[in-house]
Amino acid sequence: KGGLYKVDLPDEHIAKMLDWDKPLSQQHPDVQSILGKFDADSYHPSGGDYDANELGQQIYNRLAGVLNVRNPSPASGMVKATDYLQKQGIPGIRYLDGGSRGAGQGSSNFVVFPGNEGLLSILERNGKPIK
């Protein structure tokens, strides 16, 4: 049986998340910098393979593929991409919720990478305030 939690995630951490639905050119400067250091050809404006319109989802999937090739192991590329981004200071992923996705804007859902749970403050559990 599960539980429903209401949590607070401070705005400064939300801003630094990889935004699944935004192009590279609209990602937070910290995200752009981290990606540019990882692969300047793909993620720095002077790079030959740079695409300012590449969406966060595409960035994550490409990163997963590259890391999987660079470091073959039983772990999936997604696990490697998540681990890499978390270690570089990106706290998680932000994506438009089902009701907002079609409009291209609105409210979002958030995934906090493992190891970053301490960024969250639990406010309620099953509708009851946490004291």
Side-chain angles (χ1 to χ4, degrees):
K1 192 171 183 176
L4 180 63
Y5 292 84
K6 181 177 181 180
V7 300
D8 178 57
L9 176 60
D11 291 345
E12 65 266 19
H13 300 299
I14 292 172
K16 294 179 182 179
M17 290 183 149
L18 177 66
D19 195 311
W20 204 248
D21 302 296
K22 286 188 178 174
L24 178 57
S25 62
Q26 294 178 27
Q27 297 290 333
H28 188 277
D30 288 355
V31 173
Q32 291 180 19
S33 175
I34 288 165
L35 293 170
K37 289 175 187 170
F38 175 78
D39 182 351
D41 191 49
S42 296
Y43 299 119
H44 190 275
S46 65
D49 199 22
Y50 178 79
D51 180 359
N53 296 312
E54 185 174 5
L55 298 177
Q57 178 181 7
Q58 296 166 312
I59 293 166
Y60 181 84
N61 288 331
R62 185 196 309 206
L63 184 64
V66 169
L67 287 169
N68 214 30
V69 169
R70 285 186 186 174
N71 182 19
S73 72
S76 75
M78 290 181 166
V79 169
K80 293 172 191 172
T82 296
D83 186 54
Y84 175 80
L85 292 171
Q86 189 272 337
K87 286 179 179 173
Q88 298 305 310
I90 297 175
I93 295 173
R94 173 186 188 156
Y95 61 97
L96 292 171
D97 65 27
S100 302
R101 190 164 294 274
Q105 62 181 3
S107 55
S108 296
N109 292 318
F110 306 92
V111 175
V112 176
F113 292 148
N116 289 335
E117 298 88 353
L119 301 176
L120 303 171
S121 298
I122 299 175
L123 305 175
E124 294 180 4
R125 181 175 40 233
N126 296 324
K128 295 180 184 173
I130 300 294
K131 296 180 184 188

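Annotation: side chain to side chain donor-acceptor pair (under 3.5 Å) contacts of Asp83 (sequence neighbours excluded): Lys87. With sequence neighbours excluded, the residues satisfying side-chain contact (heavy atoms from CB on, under 4.5 Å) with Asp21 are Asp19, Tyr95, Leu96, Arg101. Residues that satisfy the side-chain contact (heavy atoms from CB on, under 4.5 Å) test with Ser33, not counting sequence neighbours, are Lys37. Applying the side chain to side chain donor-acceptor pair (under 3.5 Å) test to Asp30 and every residue at least two apart in sequence or in another chain returns nothing.
Contact annotation: the side chain of Leu63 approaches that of Leu85 to within less than 4.5 Å [non-hydrogen atoms, C-beta and beyond].
Summarising the geometry of Lys16 relative to Ile90, their closest heavy-atom pair is O-CG2, 3.6 Å, with the distance given to 0.1 Å. Closest approach of Pro23 to Leu55, counting heavy atoms only: N-CD2, 3.7 Å. Nearest approach of Asp49 to Ser42, heavy atoms of both residues: OD2-OG, 3.6 Å. The heavy-atom pair separating Ile14 from Leu9 by the smallest distance is CD1-O, 3.4 Å.
In this structure, the separation between NE2 on His28 and NZ on Lys22 is 10.5 Å, given to the nearest 0.5 Å.
In summary, Asp51 and Arg62 do not engage in a salt bridge, as defined by a charged side-chain N under 4.0 Å from a carboxylate O.
At least one donor-acceptor pair under 3.5 Å links the side chain of Ser100 to the backbone N or O of Ser107. Under a 3.5 Å cut-off, the side chain of Gln27 and the backbone N or O of Leu18 do not form any donor-acceptor pair. Distance alone, capped at 3.5 Å, is enough to place a donor-acceptor pair between the Asn61 side chain and the Gln57 backbone.
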Which side-chain N or O atoms in residues 109-125 pair as donor and acceptor under 3.5 Å with protein atoms at least two apart or in another chain?
| residue | atom | partner | partner atom | Å |
| --- | --- | --- | --- | --- |
| Asn116 | OD1 | Gln86 | NE2 | 3.2 |
| Asn116 | ND2 | Pro91 | O | 3.1 |
| Glu117 | OE1 | Gly115 | N | 2.9 |
| Glu117 | OE2 | Gly115 | N | 3.4 |

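In terms of hydrophobic clustering, with Ile, Leu, Val, Met, Phe, Trp and Tyr side chains grouped at heavy-atom distances under 4.5 Å, Ile93 and Leu35 are assigned to a common cluster.
Within the structure, ring-ring contact (aromatic ring centres under 6.0 Å, His included) contacts touching residues 35-73 (residues at least two apart or in different chains) are Trp20-Tyr60, Phe38-Tyr84.
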